[in-house]
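Down below is the structure, laid out as structure tokens.
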Amino acid sequence: MKNKIIKLSFFSMLLFMEYSANSQTINNMNLLNTSQPVKSLSSKYDAKIDQLVAQMTLEEKIGMLHGNSMFATGGVKRLGIPELKMADGPLGVREEISRDNWSAAGWTNDFATYYPASGALAATWDAKMAYTFGNSVGQELRARDKDMLLSPAINIVRTPLGGRTYEYMSEDPFLNKKIAVPLIVGLQNNDVMACVKHFAANNQETNRDIYDVQMDERTLREIYLPAFEAAVKEAKSYAVMGAYNKLRGDYLCENDYMLNTILRDEWGFKGVVVSDWAAVHSTVKSLKNGLDIEMGTPKPFNEFFLADKLIAAVKAGEISETEIDKHVKRILGVLFQVKAMGGEDRVKGSIATEAHYQDTYKIASEAVVLLKNEGNALPLKLNRIKSIAVIGNNATKKNALGGFGAGVKTKREITPLEGLKNRLPSSIKINYAEGYLERYEVKNKGNMGDITMNGPVTIDQLDPSKLEEAIEAAKNSDMAIVFAGSNRDYETEASDRRNLKLPFGQEELIDKVRAVNPNTIVVIIAGAPFDIDAISKKNKALVWSWFNGSEGGNALADVLLGKTNPSGKLPWTMPKNIMDSPAHATNSFPGGKTVNYAEGILVGYRWFDTKKIEPLYPFGYGLSYTTFAFDNAKTDKKEYATDETISVSVTVKNAGKVDGKEVVQLYASKSDSKITRAAQELKGFEKVLVKAGKWETVTIKVPVAELAYYNAEAKKWTVEPGNYKLKLGSSSRDIKKEVIVTIK
Ligand code: BGC
């Protein structure tokens with residue numbers, strides 16, 4: 001038997017070395033298969049920046065502090081200062097938008113690769129995939145001659161109904177940061193800036209322009225800030241986007257505590273703070289409280305808060321020109337850093353290449369989650385079937401564009417139906433039927449984007465002729481696959497969903513298809529939890545795919561056919577009932593003008609586990625076509641000091657007949673804690689490939705500092721001494737081994 005010690009994976013070991021080095025200047029990431037090092041903002045341009053600023057007029061300086069078009073700030077041509085050019089976003093580089101309104105610019109050379117949405121990326125539980133994602137998008141951003149990607153979006157999934165759940169990563173701060181950091185590193189290695197958003201506590205769309213979040217300090221620090229903190233301190237993100245809403249009474253784009261005290265003073269952020277679009281509400285206050293750039297939606301750009309009004313404020317002596325210079329210098333700093341100022345070789349990039357499509361294929365393949373597989377219904381046994389009914393609007397629905405907010409204009413989006421056609425032998429006949437129609441009540445469809453929680457009202461009656469077609473297809477086929485779920489019109493920025501119900505009559509459709517063909521399986525394509533309890537009980541196999549990028553259909557077909565063994569794990573809890581979810585159980589969503597985060601630190605599985613509520617599918621859950629056994633769990637020592645790192649190892653055996661990847665998840669518990677704690681918290685994970693019948697030893701490093709709680713009274717992270725249970729499992733609810741360590 002092979003006894004290969006994997007000290008973390010090779011890749012995460014490098015990331016670990018990199019981040020723990022915590023160097024202020026250059027962290028050498030050459031070993032990450034890239035010639036580009038990870039850099040903090042360099043001070044080598046300071047003298048040049050001073051010289052430039054000394055030559056600028058007040059008007060020229062202020063021109064750099066606000067949008068001069070939808071996605072760029074002003075430059076100063078006579079001094080060779082270019083515009084700072086931005087693009088959304090989380091799904092890849094957005095199509096070119098007109099300079100002065102939201103309509104598409106109508107370019108023909110702005111086709112890009114559509115990358116799997118952030119929920120999918122997080123479901124890979126794989127730092128390598130996050131790095132690949134960032135690096136690949138960074139290339140595309142350069143090919144489009146942009147300086148800043150408005151991404152990643154790393155807000156915590158507080159409620160499953162949140163309209164942007166698909167665009168965010170997780171309900172868990174640890175998974176969130178472990179995916180965000182390598183993504184940013186990969187991105188910024190291409191002479192571009194990441195702009196992590198939306199800083200912070202921006203967790204719903206309902207009333208997003210006005211709501212004021214109230215939460216205690218410990219919750220802020222432990223749940224809502226860790227990924228931002230890691231983005232700034234470890235990944236050295238060059239930009240941060242302030243959110244729309246308020247925290248503790250102050251808008252987040254003019255929040256002194258968040259932007260000055262935490263972001264700059266505590267975390268040492270040296271980059272630029274960009275507002276969300278039209279999220280600024282004041283002139284002097286926002287600038288003094290930490291905002292650098294105001295971006296926004298159509299109105300004359302000189303009417304922005306940081307435009308003519310700011311010039312007037314300087315002239316009236318309400319703010320000094322030295323203060324203006326400080327912000328201008330920051331912007332010049334990031335422009336120099338990404339080599340936008342000229343005089344240095346800059347990454348040229350490439351876009352919509354086969355290599356990038358293959359990047360999305362790899363990520364998509366690792367993201368698909370197998371939820372149920374009774375009697376090994378999957379992978380499909382092609383020798384036993386001659387025909388497959390492919391049913392459902394989602395078999396052909398495209399999601400690169402849709403809804404309200406950033407999408408990608410792409411030449412390649414392989415749908416599930418196309419994926420099956422590409423991968424199935426021609427001897428197998430596909431009988432396609434649309435089954436259900438995506439339909440909205442006309443008078444309510446308009447609510448999308450109204451930010452009133454009135455997500456679109458769907459028409460849930462099945463169309464009789466579509467139903468009939470589906471039944472005929474199922475009757476005349478050896479098996480049926482129903483592609484159900486939602487899409488990016490239904491899940492959208494700017495409105496939260498009304499409930500967890502699967503729209504458009506899909507549950508009824510699935511029941512009727514299964515009634516005529518018991519050999520039916522279900523694939524859900526969605527970016528956020530849905531109520532699939534009944535579907536899960538009644539159907540023998542259930543697969544979860546996502547808004548899964550350009551190659552999503554091929555990746556999915558390969559999972560269904562067994563070419564890929566699924567290894568995705570849920571990045572959030574799938575509740576049985578929305579009222580089981582913490583924000584709903586505490587009646588603190590959507591709130592009114594004030595939203596009180598009453599569940600505190602018990603977000604996501606922390607709530608379900610602590611309150612002993614059974615979820616439908618737990619955080620970290622996902623099956624494989626093989627089974628894994630864990631053995632020989634141990635730590636390198638029994639006792640640790642607070643500045644040490646715990647090394648936990650476990651042997652993972654692949655007890656089945658096919659190779660597979662398992663995500664070893666490490667949760668920490670402290671049962672005798674003097675403070676309120678969640679029943680368990682994720683503190684480490686590692687994805688490992690284990691060949692059939694073989695085993696691998698996985699070592700996960702847990703810095704003792706990760707066990708700290710935020711002591712709000714003392715204003716510092718504190719590690720409580722005593723015993724901690726470290727639990728190793730294949731999901732938060734499937735713990736296979738436990739070890740106990742003592743912290744001195
Ligand atoms: C979104 C941001 C996005 C910006 C520009 C806003 O409505 O909240 O995430 O980057 O628009 O498109």
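Every number for a ligand or one of its atoms is a count from 1 in the order of the listing.
- With a 4.5 Å cut-off on side-chain heavy atoms, Arg248 and Gln214 count as touching.
- Remark: distances from the non-hydrogen atoms of Trp102 to ligand 1 include one below 4.0 Å.
- In this structure, Glu167 falls outside the shell of residues with a heavy atom less than 4.0 angstrom from ligand 1.
- Ligand 1 places these atoms under 4.0 Å from at least one heavy atom of Met241: 10 (O).
- No heavy atom of Met70 sits closer than 4.0 Å to any atom of ligand 1.
- Of the charged side-chain nitrogens involved, at least one lies within less than 4.0 Å of a carboxylate oxygen, so that Arg346 and Asp147 count as a salt-bridged pair.
- Contact annotation: for Arg208 versus ligand 1, heavy atoms closer than 4.0 Å belong to the side chain alone.
- The distance from the OG1 atom of Thr573 to the CG atom of Leu570 is 8.5 Å, given to the nearest 0.5 Å.
- With ligand atoms numbered from 1 in the order given, ligand 1 contributes 2 (C), 3 (C), 9 (O), 10 (O) to contacts under 4.0 Å with heavy atoms of Lys197.
- Atoms of ligand 1 lying under 4.0 Å from at least one heavy atom of Glu493, given by number and element, are 1 (C), 6 (C), 7 (O), 8 (O).
- Closest to atom 11 (O) of ligand 1 among all protein heavy atoms lies Asp276 OD1, 3.6 Å.
- Here's the thing with Trp277: none of its N/O atoms is less than 3.5 angstrom from an N/O atom of ligand 1.
- Using a cut-off of 4.0 Å between Lys/Arg side-chain N and Asp/Glu carboxylate O, Lys146 and Glu140 are scored as not salt-bridged.
- Contacts between Met295 and ligand 1 below 4.0 angstrom, taking non-hydrogen atoms only, are absent altogether.
- Contact check on Asp110 versus Lys409 returns a salt bridge, with a Lys/Arg side-chain nitrogen under 4.0 Å from an Asp/Glu carboxylate oxygen.
- Near Tyr244, with a cut-off below 4.0 Å to any heavy atom, the atoms of ligand 1 are 6 (C), 7 (O), 8 (O).
- At least one side-chain heavy atom of Leu332 sits under 4.5 Å from a side-chain heavy atom of Met64.
- Against a heavy-atom cut-off of under 4.0 Å, Arg164 is close to the following atoms of ligand 1: 1 (C), 2 (C), 8 (O), 9 (O).
- Residue Phe71 approaches ligand 1 through these ligand atoms, each under 4.0 Å from one of its heavy atoms: 5 (C), 12 (O).
- Atoms of ligand 1 lying under 4.0 Å from at least one heavy atom of Arg94, given by number and element, are 12 (O).
- For the pair Arg497 and Phe530, the cation sits on the ring face: its NZ or CZ lies under 6.0 Å from the ring centre, inside 45° of the axis.
- Closest to atom 10 (O) of ligand 1 among all protein heavy atoms lies Asp88 OD1, 2.7 Å.
- Taking only nitrogen or oxygen atoms, main chain and side chain alike, His198 reaches within less than 3.5 Å of ligand 1.
- Between Asp292 and Arg264 a salt bridge is recorded (basic side-chain N to carboxylate O distance below 4.0 Å).
- A salt bridge links Arg99 and Glu83; the closest N-O separation between the charged side-chain nitrogens and carboxylate oxygens is under 4.0 Å.
- For the pair Arg158 and Tyr597, the distance from NZ or CZ to the six-membered ring centre is under 6.0 Å and the angle to the ring normal is within 45 degrees.
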